[in-house]
*Asks:* 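For reference, the structure I am asking about is given below.
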Amino acid sequence: MKKLTPFRIGLSLMIIGSIWVALVFSTAEKTSQDLSIGIKENVNVDLDLKGKGLGFYKITIPNYSKETVLVKVLGPQGNVMDLKRIETKMSVNYFEFSYTGKYALEITNLSENPIQIKAEFGNTKSVEFTFPSFIALIGACFIVWSGYKRLRNYSTAHPEENKS
């Protein structure tokens, strides 16, 4: 049986924390759609979000050639919660929500050509990342500490200077 070292404990804690964060994020409410938007048209992507938290939207334009889109996040009462003009191939943005309800992502094509867009819209569940992130941080501290212990005891040989 292998000996438990601080490095192995730290590595294990980092792996556990990382997997935990990935599982929390993968179970969050989110939706993804491939959309075709005509000239000066807009489309909506709807999602029910619960409680309060941090939402996100990711807009990808696969065949990007200087297209511009306007993205609005609308709350349950129709109020604008976030407004961004996107002029890149991919953009990820975040917004805070405070109420349970139906939120809408409204995407408007401002360019002179029809475009294809991949839109992802959801909840990050960032509040639930606290404990697994803390576990991963403790693991990183163990790894740094074990590296420090190893380097502290390491000595290098210095060649003697040639005095001729």
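Computed from heavy atoms alone, side chains included, the values below leave out hydrogens, waters and symmetry copies.
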*Asks:* Over all heavy atoms of both residues, which pair between Gly38 and Asn109 is shortest? Give the atoms and the distance, please.
*Replies:*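 Nearest heavy atoms, Gly38 then Asn109: O-ND2, 3.0 Å.
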
*Asks:* Closest approach of Trp145 and Pro6, non-hydrogen atoms and distance?
*Replies:* CZ3-CG, 3.5 Å

*Asks:* Is there a side-chain contact between Ile107 and Ile117, using heavy atoms and a 4.5 Å cut-off?
*Replies:* yes

*Asks:* I'd like to know if the side chain of Ser36 and the backbone of Gln116 have a donor-acceptor N/O pair within less than 3.5 Å.
*Replies:*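 No, Ser36 side chain to Gln116 backbone: no donor-acceptor pair under 3.5 Å.
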
*Asks:* Ignoring hydrogens, what is the shortest heavy-atom contact between Ala104 and Asp46? Give both atom names and the distance.
*Replies:* CB-OD1, 3.3 Å

*Asks:* Take Lys40 and Glu112 through the side-chain contact (heavy atoms from CB on, under 4.5 Å) test and state the conclusion after the steps.
*Replies:* CA-CA 8 Å; Lys40 307 294 182 203; Glu112 299 298 324; 3.5 Å; yes

*Asks:* What's the verdict on side-chain contact (heavy atoms from CB on, under 4.5 Å) for Asn42 and Ile37, showing C-alpha distance, side-chain angles and the deciding distance?
*Replies:* CA-CA 7 Å; Asn42 63 346; Ile37 306 174; 6.0 Å; no

*Asks:* Please say yes or no: joined through hydrophobic side-chain contacts below 4.5 Å, possibly via intermediate residues, are Phe121 and Val80 part of one cluster?
*Replies:* no

*Asks:* Would you mind reporting whether Trp20 and Phe131 have side-chain heavy atoms less than 4.5 Å apart?
*Replies:*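 When only atoms from C-beta onward are counted, Trp20 and Phe131 do touch, with a gap below 4.5 Å.
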
*Asks:* State plainly whether the residues Lys118 and Glu120 are in salt-bridge range, i.e. N to O under 4.0 Å.
*Replies:*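 So Lys118 does not pair with Glu120 through a salt bridge.
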
*Asks:* Take Val92 and Tyr57 through the test side-chain contact (heavy atoms from CB on, under 4.5 Å) and record every step on the way to the result.
*Replies:* CA-CA 6 Å; Val92 179; Tyr57 58 93; over 6 Å; no

*Asks:* Is any side-chain heavy atom of Thr100 closer than 4.5 Å to a side-chain heavy atom of Leu49?
*Replies:* no

*Asks:* Is it true that Phe56 and Phe25 have ring centroids separated by less than 6.0 Å?
*Replies:* yes

*Asks:* Between Phe142 and Phe7, is the ring centroid distance below 6.0 Å?
*Replies:*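 No, the ring of Phe142 stays outside the 6.0 Å limit from the ring of Phe7, centre to centre.
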
*Asks:* Counting N and O atoms only, with roles assigned by atom type, does the side chain of Glu41 sit under 3.5 Å from a partner on the main chain of Ile39, one being a donor and the other an acceptor?
*Replies:* no

*Asks:* Start with the C-alpha distance between Lys58 and Met90, add both sets of side-chain angles, then the distance that settles side-chain contact (heavy atoms from CB on, under 4.5 Å), and finish with yes or no.
*Replies:* CA-CA 7 Å; Lys58 177 180 169 184; Met90 185 182 82; 3.5 Å; yes

*Asks:* Are Val144 and Phe134 connected into the same hydrophobic cluster when the rule is that any two of I, L, V, M, F, W, Y join if their side-chain heavy atoms are below 4.5 Å apart?
*Replies:*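 Different clusters: Phe134 never reaches Val144 through Ile, Leu, Val, Met, Phe, Trp or Tyr contacts under 4.5 Å.
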
*Asks:* Decide whether Val69 and Phe95 are clustered together by the hydrophobic rule: side chain heavy atoms of Ile, Leu, Val, Met, Phe, Trp, Tyr closer than 4.5 Å, transitively.
*Replies:*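 Yes, one cluster joins them.
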
*Asks:* Measure the shortest side-chain to side-chain distance between Ser133 and Val21 over non-hydrogen atoms and say whether it is less than 4.5 angstrom.
*Replies:*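 Result yes, sub-4.5 Å side-chain heavy-atom pair found.
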
*Asks:* So, Ser91 and Lys84: side-chain donor and acceptor under 3.5 Å apart, yes or no?
*Replies:*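 Note: Ser91 and Lys84 side chains miss the donor-acceptor criterion.
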
*Asks:* Within the 3.5 Å criterion, strictly below it, is a donor on Asn123 or Glu29 matched to an acceptor on the partner's side chain?
*Replies:* yes

*Asks:* Taking CD in Glu96 as the centre, count heavy atoms belonging to other residues, nucleotides or ligands within less than 6.0 Å. Is the count above 12?
*Replies:*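 No, CD of Glu96 has 12 or fewer neighbouring heavy atoms, counting only those of other groups under 6.0 Å.
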
*Asks:* As an exercise, state the distance from CG of Leu105 to CG of Asn44, rounded to the nearest 0.5 Å.
*Replies:*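 Spacing of CG (Leu105) from CG (Asn44) equals 8.0 Å.
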
*Asks:* Give the minimum heavy-atom separation between Pro76 and Gly101, together with the two atoms involved.
*Replies:* CG-CA, 4.0 Å

*Asks:* For Glu128 and Ser126, test the side chains for any donor-to-acceptor distance below 3.5 angstrom and give the result as yes or no.
*Replies:*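 Glu128 vs Ser126: no donor-acceptor pair found between side chains.
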
*Asks:* Going from CD1 on Ile135 to CD1 on Ile15, what distance comes out if it is rounded to the nearest 0.5 angstrom?
*Replies:* 13.5 Å

*Asks:* Find the distance between CD1 (Ile19) and OG (Ser26) and round it off to the nearest 0.5 Å.
*Replies:* 11.5 Å

*Asks:* Please check if the side chain of Thr60 supplies one atom and the backbone of Pro62 the other of a donor-acceptor pair under 3.5 Å.
*Replies:*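 Side chain of Thr60 to backbone of Pro62: no pair is present.
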
*Asks:* Going hydrophobic residue to hydrophobic residue with side-chain gaps under 4.5 angstrom, can you get from Met81 over to Ile86?
*Replies:* yes

*Asks:* Any idea which heavy atoms bring Gln33 and Val45 closest together, and the distance?
*Replies:* OE1-CG2, 3.8 Å

*Asks:* Is there a donor-acceptor pair under 3.5 Å between the side chain of Arg8 and the backbone N or O of Lys3?
*Replies:*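 Yes; judged by distance alone, with no hydrogens or angles, the pair exists.
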
*Asks:* For Thr124 and Leu54, indicate whether the former's side chain and the latter's backbone hold a donor-acceptor pair under 3.5 Å.
*Replies:* yes

*Asks:* Regarding Tyr94 and Asp82, is there a side-chain donor-to-acceptor distance under 3.5 Å anywhere?
*Replies:*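 No, Asp82 and Tyr94 have no side-chain donor paired with an acceptor closer than 3.5 Å.
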
*Asks:* Do Tyr64 and Leu35 share a hydrophobic cluster (ILVMFWY, side-chain heavy atoms under 4.5 Å, transitive)?
*Replies:*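 Yes, Tyr64 connects to Leu35 through the hydrophobic network.
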
*Asks:* Could you tell me the separation between the NZ atom of Lys89 and the CG atom of Asn63, rounded to the nearest 0.5 Å?
*Replies:* 7.5 Å

*Asks:* Could you tell me which non-hydrogen atom of Lys72 sits nearest to which non-hydrogen atom of Leu83, and how far apart they are?
*Replies:*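 Of all heavy-atom pairs spanning Lys72 and Leu83, the closest is CG-CD1, 3.3 Å.
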
*Asks:* As an exercise, state the distance from CD of Glu106 to CG of Leu74, rounded to the nearest 0.5 Å.
*Replies:* 5.5 Å

*Asks:* As an exercise, state the distance from CD1 of Ile143 to CG of Leu11, rounded to the nearest 0.5 Å.
*Replies:* 5.0 Å

